[in-house]
Structures are given as structure tokens and as C-alpha cells.
**Student:** 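Take a look at the following structure, please.
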Amino acid sequence: MPKHASIPSMTETRFDPSSADGRWQRAWAQAGTFIADSDSEKPKSYILEMFPYPSGRIHMGHVRNYTMGDVLARYKKMRGYEVLHPMGWDAFGMPAENAAMEKKVHPGAWTRSNIEAMKEQLQRIGFALDWTREFATCDPEYYGHEQALFLDMYASGLVYRRQSEVNWDPVDMTVLANEQVIDGKGWRSGAEVEKRKLDQWFLKITDFADELLDGLGELKDWPDKVRLMQENWIGKSQGLEFSFDLSNGAKLPVYTTRPDTIFGSSFCAIAADHPIAQGLARDPAIAGFIEECKRGGTTAAELETAEKLGFDTGITAKHPFTGAAMPVFIANFVLMDYGTGAVMGVPGHDQRDFEFATKYALPIARVVAADPAQADAPMGGEAEVGDGVIVNSDFLDGKSVDEAKADVITRAETGGWGQGTTVWRLRDWGISRQRYWGTPIPFIHCPKCDIVPVPKDQLPVTLPDDVDFETPGNPLERHATWKHTTCPKCGGAAERETDTLDTFTNSSWYFLRFASQPDDAPFDPEEIAKWMPVQHYIGGIEHAILHLLYARFWTRALSHIGKFDVKEPFAALFTQGMVTHETYNFGDNNWLSPEEVNRTSDGATLKTTGEAVTVGRVVKMSKSKKNVVDPDNIIANYGADAVRWFMLSDSPPERDLPWSDSGIEGCYRFVQRLWRLFGQYDAAASGEDKTLARKAHQAIVAVAEDIEALSFNKAVARIYELTAAAEKAGPSESRNFAIRTVLHLIGPMMPHLAEEAFAVMGESSLIADAAWPQHDPALLVEDEVTIAIQHKGKLRDTITAPKGAAKEDLEALALASEKVQRSLDGAEIRKVIVVPDRLVNIVT
RNA sequence: GCGGGUGUGGCGGAAUGGUAGACGCCGGGGACUUAAAAUCCCCUGAUCCUAUAGAUCGUGUGGGUUCGAGUCCCACCACCCGCACCA
């Protein structure tokens with residue numbers, strides 16, 4: 001293609017994001033471009049990114065997350081869908097209370113001002129959001145409906161209250177989540193955490209364990225990783241529950257997944273907090289041992305190295321088949337809250353039992369072997385947990401592991417001493433939090449009537465505003481008047497529940513409220529039916545288990561009690577990677593921010609003194625490592641489109657994206673390069689450029705495929721290629737088509753630039769409302785292809801041949817090549833493999 | 001310990017079993033300019049070489065299947081993530 005002299009462009013000026021960004025953001029807002037119309041006849045598409053916690057400022061992780069969703073939303077709109085792409089705020093939670101304590105601001109005021117600031121930031125990036133549906137979970141309208149849903153669940157038996165052990169921080173006077181306990185101490189107060197039994201509210205997620213597990217199978221468009229994590233979390237296991245008769249006359253129920261190894265059992269072990277152990281605690285030695293078990297650390301490293309410890313109770317258990325008397329130990333490795341809190345020890349075929357038996361010199365018998373001849377083979381230095389054939393086990397001898405399992409379960413059931421059982425790792429969801437900044441749990445404690453739900457017409461139970469955080473503990477608990485009320489049943493004096501709901505509750509149904517927000521109900525089932533399930537849900541992998549499991553549970557629970565007919569909330573899930581940045585280190589652990597450092601290709605120096613700075617690993621942007629880049633500064637310098645383009649370029653979206661200054665500069669250069677190209681659109685040009693036209697049509701298809709696969713990095717590469725081809729081409733109608741194609745293809749990615757250029761070309765409509773360009777199928781196929789010719793497995797030459805050329809012709813062309821002949825050097829040709837339109841491989 | 005993932009130039013990464021390194025960044029050279037910025041053009045995996053040509057090597061390591069392997073199979077190594085004494 002001859003290089004042509006530069007055409008005087010329509011605009012010699014540069015694209016100026018500082019004026020264009022705002023202009024088009026206002027234009028979209030005024031036109032209501034992104035307001036979802038649920039009455040539309042178009043097919044519906046609900047695109048959702050995990051809503052943010054209003055911590056104060058938008059960070060690069062948000063920008064990446066929302067840019068991906070935005071491209072999908074805008075693309076779907078161009079493809080003729082009615083798109084719902086909402087945004088809101090996960091606004092309850094501890095940081096607001098911490099801010100209240102530290103900065104003496106009300107959590108509500110702090111949260112509201114953060115929301116205002118972050119909303120403005122999001123708007124500056126030009127996201128195609130339907131702001132008419134915005135809400136914050138701390139709005140009484142929102143949490144009031146949540147209270148109503150909670151009461152509905154209560155009425156259906158999905159909510160209950162029981163005593164439960166919690167981590168109690170005696171200084172802050174509050175319950176701590178497990179992840180807030182660091183080395184046995186409260187993360188804020190540093191105080192030794194106590195175990196306390198408190199009355200707590202629970203949601204019966206375990207009722208749905210089977211459904212939640214089976215449902216994973218239908219989630220074909222979820223990452224395998226997330227499905228596996230949930231599967232493991234739910235932790236279904238099948239086995240036998242049966243009881244040993246104890247020498248003291250009591251019965252000891254145990255649970256095992258390996259009933260096939262029952263003849264190898266040589267002891268029983270119970271948890272330190274097992275009722276039998278507790279009953280023996282009058283003995284000071286036993287009480288001491290129980291205390292020792294409780295002190296055991298819970299960190300990974302401690303568990304890894306923790307020695308198996310036991311205390312022989314002196315009680316014996318009678319083996320159900322052999323009648324042998326086996327010692328019963330209290331053991332530190334048995335958990336009270338799994339199974340029955342007691343196990344039968346089979347040292348030969350369980351590693352923990354093996355270690356324990358070794359330490360306490362208990363018999364280690366082989367009951368599974370590779371084949372019956374190996375029945376007397378000595379055990380090695382560890383338990384054999386693999387498959388095999390049962391040996392040394394009376395009537396089980398010769399059976400496979402699976403056959404033996406079934407046999408023992410059948411005998412236990414017919415003999416009436418045991419039962420095949422399913423045990424789950426999943427626990428019921430404790431949702432009580434002794435905190436202020438959450439949804440008040442809508443119950444009243446009446447001295448006469450016990451626990452009474454707040455009548456629905458009295459909802460929402462709102463939070464009082466006049467609270468102080470000067471003293472530790474729950475402000476609702478010590479508020480002068482708030483908790484005092486009357487019993488809805490008997491009218492007598494009563495107290496409100498002062499616990500609030502876990503904030504994960506708020507995010508368990510927000511997607512339903514986005515889809516439909518009537519005043520008098522949490523949602524309208526008809527609207528839910530129109531929009532749900534979410535077609536693309538995008539967010540961080542850190543929510544793989546809790547949030548996503550709870551949201552699935554709420555959807556199923558609400559569906560179960562007849563609210564609507566949706567089983568799974570998120571048809572497809574995408575977990576995006578983090579935004580990372582180099583770290584800079586000066587001296588010992590003096591982290592430096594990128595602004596303090598001069599980075600060149602061969603190192604980094606301190607801006608102030610020029611001293612050398614150590615360039616550290618590329619890790620997730622975090623305040624502690626100071627490797628944070630603020631999106632605001634970047635947008636101010638380069639505009640929204642360059643940042644959006646950066647977020648989509650280079651790294652595949654599921655992987656981490658390393659931020660770099662040179663990268664964003666490259667993106668900005670490309671924005672300007674496109675602007676110049678758009679300026680070269682020449683309405684007067686005529687003539688055909690088939691090569692370029694073909695490239696444009698191919699790009700239309702390829703970019704669409706890439707966006708639908710969320711392979712934004714590949715879509716970006718294709719746009720670069722088409723851009724380069726259009727730049728090099730001389731004026732023609734085809735070139736105009738190519739330029740307009742580029743403009744449409746970048747519409748979802750760089751919307752401000754696209755709108756501006758569209759307008760400069762004289763269009764009065766918005767590119768956001770435009771249709772995705774049509775492609776001509778005839779132009780997708782090349783009429784000439786490049787054929788690779790290999791000899792001895794290596795490329796020797798390439799030839800150009802008409803598409804669809806006959807095998808014989810290709811072979812002849814290949815052999816006619818001078819380079820091929822030189823490589824062949826007269827050798828005898830044994831075989832020629834011809835792959836049509838691809839290659840010819842000559843075997844000698 | 002269990003489960004999962006990843007490994008390709010200086011960097012981020014492309015590649016239905018069929019031309020490895022598309023595209024971007026970095027780097028080098030040049031044009032334009034009084035100069036700079038901006039922009040444009042060319043080069044850019046390594047080694048050898050008789051150097052516009054050609055050869056060899058090259059996708060974590062070692063094997064295998066195949067006319068042909070980054071891609072499939074087996075074994076191993078490294079790093080990352082999740083869960084964790086779950087009976």
C-alpha cells in the first residue's frame with residue numbers, strides 16, 4: 001500500500017479529555033442513555049459488578065472492575081439489548097465505626113460523604129450506569145425491606161437463636177470475627193480474646209447445603225476454581241454414624257467415613273469439649289489437659305507442627321464386631337463441632353490416628369492391602385490411605401473398600417446400632433453482630449412473651465442517630481431510650497434486640513433491589529422475572545466463598561418461601577485480577593510511594609537526593625506498601641479513556657495487571673493517534689481498498705467475539721492492528737468504512753473519544769445509542785492464504801496460494817520452491833502432508 | 001497435608017496439534033525541527049556466520065505420542081492462591 005501524503009485533518013488540535021469527558025458525561029445523563037427500561041421489548045441483559053464499600057476513595061481495583069463491566073454493558077446495548085447496569089453502596093460495616101472512634105464523626109455522616117465523593121469519581125470515569133437505581137444499604141428504606149425479608153425467613157423456620165461460642169474482646173466489649181483475632185488477641189485492642197457463650201441469631205444455610213452443592217453443577221459459566229472452593233467449603237462427606245458401648249454404661253456416638261476399616265480400630269478419641277470429657281473434668285488432671293487443648297494455637301504453622309496429644313480416660317469402648325475393649329482418649333486433634341465430636345481411631349489408615357497411636361504405643365493393624373497376599377505386609381512409617389482390598393477383617397476380607405463400606409453400613413442399619421449418614425462441613429450462618437452500624441435485627445424481647453418479631457407495619461426499625469463511640473461496646477445496648485419499647489403481643493414493657501445483622505446480609509440480596517425497587521416491598525416478582533439472573537457478575541476472587549455463597553443461599557431461600565422463581569442469582573461469574581505495582585524500598589522497610597521515586601529502565605532513585613532505591617516485587621496496590629496510584633490524578637492528567645484503555649490492555653482480565661507510567665502514557669498516545677485518524681475521515685474519498693475493507697470486517701467479528709469472551713486484551717490488540725492498517729492506507733471509501741469501524745469498536749472502551757469524534761464527523765446521535773457495525777460474511781474469508789512449507793519439521797519457506805487450492809497444487813508449489821529444493825538436497829521424499837490453506841510438510 | 005492455578009523475549013502477553021513471540025511497553029537508529037516536545041519511519045529472542053543470504057538453538061526440567069508439540073500424555077521442579085487436625 002503506497003504511503004500517502006498526510007491529509008489535512010478536520011481538526012489539527014489534540015483531543016482534550018478535560019473538556020470532552022465532562023461534555024459527554026453530561027450528554028448521556030441528560031438523554032438518560034443508560035436508564036434501564038424494564039418495559040422495553042428488547043431482550044434484557046443485567047450486567048453487575050460487585051458494589052463497593054464506601055471507604056473514601058475509588059482505587060484502581062474498582063476502576064478495573066467497573067471498566068470491564070462497563071465495556072460489557074455498552075457492548076450489549078450496541079447489540080440491541082436493554083441493559084441494566086446499576087450501582088450502589090455496601091454501606092454498613094466496621095470501618096465507619098472505626099472512623100467514628102478515631103475521627104469523632106458519626107458513621108452515617110462519614111459514610112454519606114464518602115459515597116458522595118466516590119460517586120463523583122465514578123462519574124468522571126464515564127461509566128454507563130443507571131444512577132436512578134442507586135441506593136446505599138444503610139438507607140432505612142433498604143434495610144427496612146431487609147428486616148421484612150428476615151422476618152419472612154423467620155416465619156418459614158429459616159431463622160433461629162441459640163447459644164454459641166464467640167470470640168469476645170473484653171476491652172472493646174464486642175464479638176470478633178475469626179479473621180479479627182490475631183495470635184489470640186483482638187486486632188484493635190490487642191487484648192487476649194476470650195471464648196464466650198452468647199445467644200446468637202442464625203440462618204439455616206445448612207438446610208440448603210445439598211441444593212447449594214448441586215446447584216454448582218449448573219453454573220457452567222462460573223470459574224471452576226470458585227465452584228471447587230464452594231464445594232470444599234460446603235464439604236459433603238458420607239459415612240457411618242454408630243455408637244460404642246462404653247465400660248461406664250454410656251454410649252459413645254462416633255462418625256466415620258471409613259466404616260470399611262472398622263476392624264483396624266484400636267482406640268477411640270473424643271474432643272476436649274465433648275460432654276464425656278466435660279463430665280470427667282472433676283479430675284484435676286483431666287481438667288488440666290482440657291485447658292491445655294484449648295490453649296493450642298490456631299495458626300497454620302502451629303497446626304502443622306502441633307503434636308497429637310491425648311489423655312487416657314480409663315474408660316473402654318466395646319468393638320461392635322470383635323467385642324474387644326479399646327481405650328477412650330481425650331485428644332487435642334478431635335473437633336467438637338464436626339461429626340459427633342468423637343472418632344474411632346484406625347491408625348493403619350488415617351495419618352492423624354497413626355501419629356497418635358505411635359506416640360501412645362497403640363496397636364497399628366493393617367486392614368487394607370494392595371492385594372490379599374499382602375495381608376501381613378508390615379506398615380510403613382505412615383498411614384496407608386489409598387484404595388485396595390480389605391484384609392484381616394473377618395467377613396469383609398477380599399471386598400473392595402467401597403463394597404466393605406456398603407456392607408458395614410447395611411449391617412449397622414439392620415443390626416440397629418448405626419446408620420449411614422451425610423455430614424457437612426458447612427455450619428449455620430451466625431448473623432448477630434454486637435455493633436451499631438448495621439441492620440437492626442427486628443425482634444423484641446418480652447419478659448412475658450419471650451421473643452416477638454416486630455410487626456411488619458412497624459418496620460423499618462431504624463438506628464438512632466444520637467450515639468456515642470467514646471465508650472467501648474455496642475452503642476445500641478447502652479443507648480438511653482432506643483431499646484426500650486413495648487411488646488407488640490402483650491403491650492408490656494420490653495426491650496429491642498440490640499444486635500445488628502452481619503453486613504454480608506446486606507450484599508446477599510442487593511442485586512434483587514437493583515432489578516426492582518417498589519416502595520412497599522423489597523422487590524416486585526414480575527420485575528425480578530424480567531431481569532434475573534444477572535447475566536455477568538464481575539468482582540474479586542476474595543468473595544469466592546462467603547459473599548457468593550450467602551447470595552446464592554438468600555436467592556434460594558427467598559425462592560423457597562415463594563418470593564419468586566429464581567434459583568441462582570448469577571448466571572456467569574467473572575473474577576478479575578488485581579491491579580499491582582512495583583514496590584520501592586529505601587533503607588530498612590521504608591516503603592516509598594511511586595511519586596517519591598524516579599524510575600528509569602535501569603533502576604530507581606530517590607527524587608529528593610538521587611540516592612539509589614531498591615525496586616521490590618510487583619504486588620497488589622496497598623497503603624502499607626505505598627505502591628498506590630490514585631485514579632483521580634491519572635484521570636486529571638490523561639483523561640478517562642486512557643485509563644479505561646489501560647485497564648483493558650495487555651493483561652488477561654483474570655490475571656493481575658501491573659500498573660506502569662509508561663503504560664498509561666502509551667494509552668494516552670493511542671487516544672491521540674485515534675483522534676488524528678478520525679480526523680482523516682474524508683467524506684469525499686472514493687474507491688475500494690479490498691484488503692482494508694476485509695480487515696475491518698474481520699475486526700468487527702473478532703472484537704465482538706473477544707468482548708463476549710471477556711478477552712479484552714485481545715480485542716485491544718485487534719483494534720491496534722486495524723488502526724495501523726487504516727493509518728497506512730490511502731483515502732478510499734473502504735478507508736472511511738475502516739475509520740468508522742474503529743470508532744464503533746472503541747465505543748464501549750473509550751466512549752468519550754468516540755462520542756467526540758462521532759460529533760466532529762457531523763453525526764447528531766450518540767455512539768452509545770449506535771448499533772454494533774454489521775459485517776459482510778463474504779469479506780471475512782481471504783482469497784489468498786500464506787502456506788508454510790516444512791521440511792524435517794522446520795519452516796523452510798512460505799508461499800502464497802489461492803484459498804482452497806487443491807492438495808496436489810500446493811504440493812507442486814511447495815516442491816517448486818528454491819529454498820525447499822536446497823533443503824531437500826536431493827533426498828528421497830517419503831511422504832508429503834498437506835493441510836489445506838495451512839501448510840505442506842515434506843518428510844524425507 | 002489436601003485442593004487448585006501458573007510457568008513463552010528485558011517486561012505485560014498472543015498463538016482451533018500446523019509459520020512461536022500477534023499487540024503493547026522498554027530499548028536502539030533515523031526523519032522533521034534553530035532546538036525541544038509532539039509526530040512519523042526502520043530495527044529489536046539468542047548464538048554462529050563467508051552477514052540484504054544462510055544455519056543452529058529456543059515456550060520451567062526430563063521423557064513420550066505425532067509427519068509436526070507452547071498446545072496432548074507421563075514424571076519432576078519452581079512460584080502463587082484457597083482450605084486446613086473435617087474423622
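In the text below, chain A, chain B and the rest are named by the order of the sequence lines, each starting its count at 1.
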**Student:** Does any pair with a residue in residues 700-729 of chain A pass ring-ring contact (aromatic ring centres under 6.0 Å, His included), and if so which ones, sequence neighbours excluded?
**Tutor:** Trp645(A)-Tyr720(A), Phe670(A)-Tyr720(A)
**Student:** Mind checking the P distance from G24(B) to C42(B)? Whole angstroms is fine.
**Tutor:** 12 Å
**Student:** Mind checking what makes salt bridge (charged side-chain N to carboxylate O under 4.0 Å, His left out) contact with Glu818(A), not counting sequence neighbours?
**Tutor:** Arg822(A)
**Student:** Between Ser660(A) and Trp424(A), name the one whose nearest nucleotide on RNA chain B is closer to the 5' end.
**Tutor:** Ser660(A)
**Student:** For RNA chain B, what string of dots and brackets results from 5' to 3' when Watson-Crick and G-U pairs need both distances under 3.5 Å, crossing pairs get [ ], and pairs with another strand get |?
**Tutor:** (((((((..(((.....[....))).(((((.......))))).((((.....))))..(((((..]....))))))))))))....
**Student:** Give the B/S/- string for nucleotides 76-82 of chain B, one per nucleotide from 5' to 3', where a protein heavy atom under 4.0 Å of the base yields B, of only the sugar-phosphate yields S, and otherwise -.
**Tutor:** -----BS
**Student:** Please report the distance separating the P of C11(B) from the corresponding atom of U61(B), rounded so that it comes out in whole Å.
**Tutor:** 15 Å
**Student:** How are the rings of Trp417(A) and Phe242(A) set to each other: parallel, tilted or perpendicular (split at 30° and 60°)?
**Tutor:** perpendicular
**Student:** Please confirm whether Arg14(A) makes a cation-pi placement over Trp675(A), using NZ or CZ under 6.0 Å from the six-membered ring centre and within 45° of the ring normal.
**Tutor:** no
**Student:** In chain order, what residues pass the salt bridge (charged side-chain N to carboxylate O under 4.0 Å, His left out) check against Glu241(A), with sequence neighbours excluded?
**Tutor:** none
**Student:** Using the test side chain to side chain donor-acceptor pair (under 3.5 Å), find all partners of His791(A) that sit at least two apart in sequence or belong to another chain.
**Tutor:** Ser823(A), Thr844(A)
**Student:** Taking salt bridge (charged side-chain N to carboxylate O under 4.0 Å, His left out) as the definition, give me every residue that meets it alongside Asp221(A), ordered by chain and number, with sequence neighbours left out.
**Tutor:** none
**Student:** Let's see if you can work this out: which of G12(B), G4(B), C86(B) has an atom nearest to the side-chain heavy atoms of Pro658(A)?
**Tutor:** G12(B)
**Student:** Nucleotide by nucleotide, 5' to 3', does protein get under 4.0 Å of the base (B), only the sugar-phosphate (S), or neither (-) in nucleotides 54-66 of chain B, counting heavy atoms?
**Tutor:** S-SS---------
**Student:** For nucleotides 15-22 of chain B, print each protein N/O atom paired with a nucleotide N/O atom at under 3.5 Å, atom names and distance only.
**Tutor:**
{"from": "A15(B)", "atom 1": "OP1", "to": "Lys714(A)", "atom 2": "NZ", "distance (Å)": "2.7"}
{"from": "U16(B)", "atom 1": "O4", "to": "Arg838(A)", "atom 2": "NE", "distance (Å)": "3.4"}
{"from": "G18(B)", "atom 1": "N2", "to": "Asn841(A)", "atom 2": "ND2", "distance (Å)": "3.2"}
{"from": "A22(B)", "atom 1": "O2'", "to": "Glu721(A)", "atom 2": "OE2", "distance (Å)": "3.0"}

**Student:** Tell me every residue that passes side chain to side chain donor-acceptor pair (under 3.5 Å) with His547(A), counting only those two or more places apart in sequence or in another chain.
**Tutor:** Tyr537(A)
**Student:** The side chain of Arg425(A) is closest to which nucleotide in this list: C86(B), G13(B), A87(B)?
**Tutor:** C86(B)
**Student:** Taking only side-chain nitrogens and oxygens of Tyr338(A), does any of them come within less than 4.0 Å of OP1 or OP2 of A87(B)?
**Tutor:** yes
**Student:** Between the protein and nucleotides 26-29 of chain B, which nitrogen or oxygen pairs come in under 3.5 angstrom?
**Tutor:**
none

**Student:** Restricting to salt bridge (charged side-chain N to carboxylate O under 4.0 Å, His left out), what partner residues turn up for Arg64(A), sequence neighbours left out?
**Tutor:** none
**Student:** With the side chain counted from C-beta on, respond yes when Phe356(A) and Leu309(A) share a heavy-atom pair under 4.5 Å apart, and no when they do not.
**Tutor:** no
**Student:** Can you tell me the distance, in whole Å, between the CG atom of Asp350(A) and the C1' atom of A84(B)?
**Tutor:** 14 Å
